[in-house]
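Atoms within each ligand, like the ligands themselves, are counted from 1 in listed order. The figures here come from the full heavy-atom set of this structure, side chains too, leaving out hydrogens, waters and symmetry mates.
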Amino acid sequence: MTVVMPSPRAPTLALVLTLLLVAFAPLARATGMTAAADPRAVAAGNEMLARGGSATDAAIAAMFVLGLVEPQSAGVGGGGFLMHYDAETRKVSAYDGREWAPAGARPDMFLDAEGKPLPLREAVQSGHSVGTPLLVAMLAMAHEDHGRLPWRDLLQPAIKLADDGFVISERLAFWIAFAAERGGLSQPAARAYLLDAEGKPLPKGTILRNPAYAETLRKIARQGPRALTRGDVARAIVEAAQAGPRGGALALADLRSAKPRRVQPLCGEFRDHTVCSMPPPSSGGVAVLSILGLFERLRPAPEGAASVDDWAAFLWASRLAYSDRDHYVADDAFVPVPTKELIAPAYLDARVRAADLATAAPAAVEPGDPAAILGGESLRQRWGGDPAVRTTGTTHLSVVDADGNAVSLTATVESVFGSQRFAAGFFLNNQLTDFSLSPSRNGLPVANAVAPGKRPRSSMAPALVFEPDGDFYAAVGSPGGSAIIGYVARTIIAMIDWRLEPQAAVDMAHITAARTPARAEMERLPKGVAEGLAARGWELQPTTFEASGLHVVKVGPQALQGGADPRREGVAVAAPPPAPRRGR
Ligand code: DON
């Protein structure tokens, strides 16, 4: 389940220079870099790199810390996707740790007595939203393939922080208050963890200990992912998912039958680079590649971040790609998804003809029909579409180690604190509300409807980007619900076409154009762009709250370069050179 990147044919000048540099500067050792949503997670990742750990080791250590210090976003109770690049074999692999719906899940479980979808908040906080947590099992699978340090060592930084206590950050305090004010954190265990004795949200700066999480991590350190499918922790998960109100169907048998998978990465071309990301059940990979493919066709000679034409092309590409994504993408183990067709050059050539850069796209763009161009079965009339957009509860981290191996990992509990059900020191996901709440739309079935054992459609797009000669270029990804697709595509365009360094690419404005009006970060947009787009008829809704959390590591001319999203609290930091490895 891998894609192999080509090897450069002949030594390039850059390679010769690098070899000379290595020969004449034996003391200048290569280092790695970790970029993630919290400095404490980055420190844990870099600690593993300094000990000679691989990018995978660092990503795992950082992830267990994020599960503690950023519990609103991701953790042991959730899922994720991981992309890996092996610098020695030049192989790209993809790991799917998406949650499964339990055997007892029903297509109508998010409908009320009259058959109408439940209000989203009710659906999110119901036990029906909880899918089988598979993040830890996926990390263990990646560690089996690419780990260098012992598994148990990777959990130690998080165990220590959970035992000693960590400082609640501004962002975590914000989300605790937000959830508490909106009738969330209603379950006693969640209240006891994040509210004080008077029921007030814990403020920024509070030192919070989580001995239950430390205990769970000790079990995971000893037993691996089995600790979550058998014994006390598994029982606590099931109990919290089945508890009222609206208890769910998740059972021990579901925890035991669900498994992460090694899957074939989805790769495509952008200009002369290659971009690899996740296949279904994520719509992330296909939709990012679709935006990039359409943008490339609309702007054969892009001008830069201040060009109204470039932005108009990005907005059109987004509108068209999201329309296809909403209509077609779901778990392809359950429904036919025309993944390859949607990014086939012949289809993109035809699809792009719908765009006219002189005007704004219509509010509703019909999905395309790849079968009309490529042949095969048309699925256009088969589905009712699912335009779901969701809130904030995800994190992304990127790591490159001293040997050039790379990891791009997006992990999620879906909404803020997931289902807000707390068990054994962590929050359980509400990933199953990523299914369409209603099994049909406009009288037609929805591809992304609930079914037992099915995985809900995701938008997560952890990506690895490669140079024209196949060398590694960058790891990139973001949280942000369905807006992830635009965030990631725009960041790749900013680095490759607009020639921005990773930090500037991450800082650049987002315009999320899936629907009308397009949400735009006005203050971050280069001068004149908003006016230029408005003059062409684009309706822009100013926003100062975008949920991106882009974390990028890119190969620079001299050293690795990082980008950390200023919209969150993360950093990108180079690791100290690794300790020499024995036996080499
Ligand atoms: O899998 C997905 O696409 C969503 N569960 C991700 C949610 C998300 O990114 C919220 N983020 N800030």
Contacts of Tyr213 meeting side chain to side chain donor-acceptor pair (under 3.5 Å) (sequence neighbours excluded), chain-then-number -> none
If we number the atoms of ligand 1 from 1 as shown, the ones under 4.0 Å from a heavy atom of Thr412 are 5 (N)
Among Arg325, Arg441, Arg457, salt bridge (charged side-chain N to carboxylate O under 4.0 Å, His left out) partner for Asp386: Arg457
Please tell me whether His146 and His84 form a close aromatic pair, meaning their ring centres lie under 6.0 Å apart. yes
At a non-hydrogen distance cut-off of under 4.0 Å, which region of Glu99 contacts ligand 1 (side chain, backbone, both, or neither)? neither
Report all side-chain donor-acceptor pairs from residues 173-182 shorter than 3.5 Å, counting only partners two or more places apart or in another chain.
none

Report, in ascending order of atom number, the atoms of ligand 1 lying under 4.0 Å from any heavy atom of Thr394. 6 (C), 7 (C), 8 (C), 9 (O), 10 (C), 11 (N), 12 (N)
Ligand 1 contacted by Arg457 (non-hydrogen, < 4.0 Å): no
First locate atom OG of Ser277, then atom CE of Met460, and finally report the distance between them rounded to the nearest 0.5 Å. 10.0 Å
Please confirm whether Arg568 approaches ligand 1 to less than 4.0 Å, judged on its heavy atoms. yes
Considering Gly393, Gly481, Gly549, which one's heavy-atom position lies nearest to atom 9 (O) of ligand 1? Gly481
Roughly how far, to the nearest 0.5 Å, is the OH atom of Tyr322 from the OG atom of Ser283? 8.0 Å
Could you list the atoms of ligand 1 found under 4.0 angstrom from a heavy atom of Ile484? 9 (O)
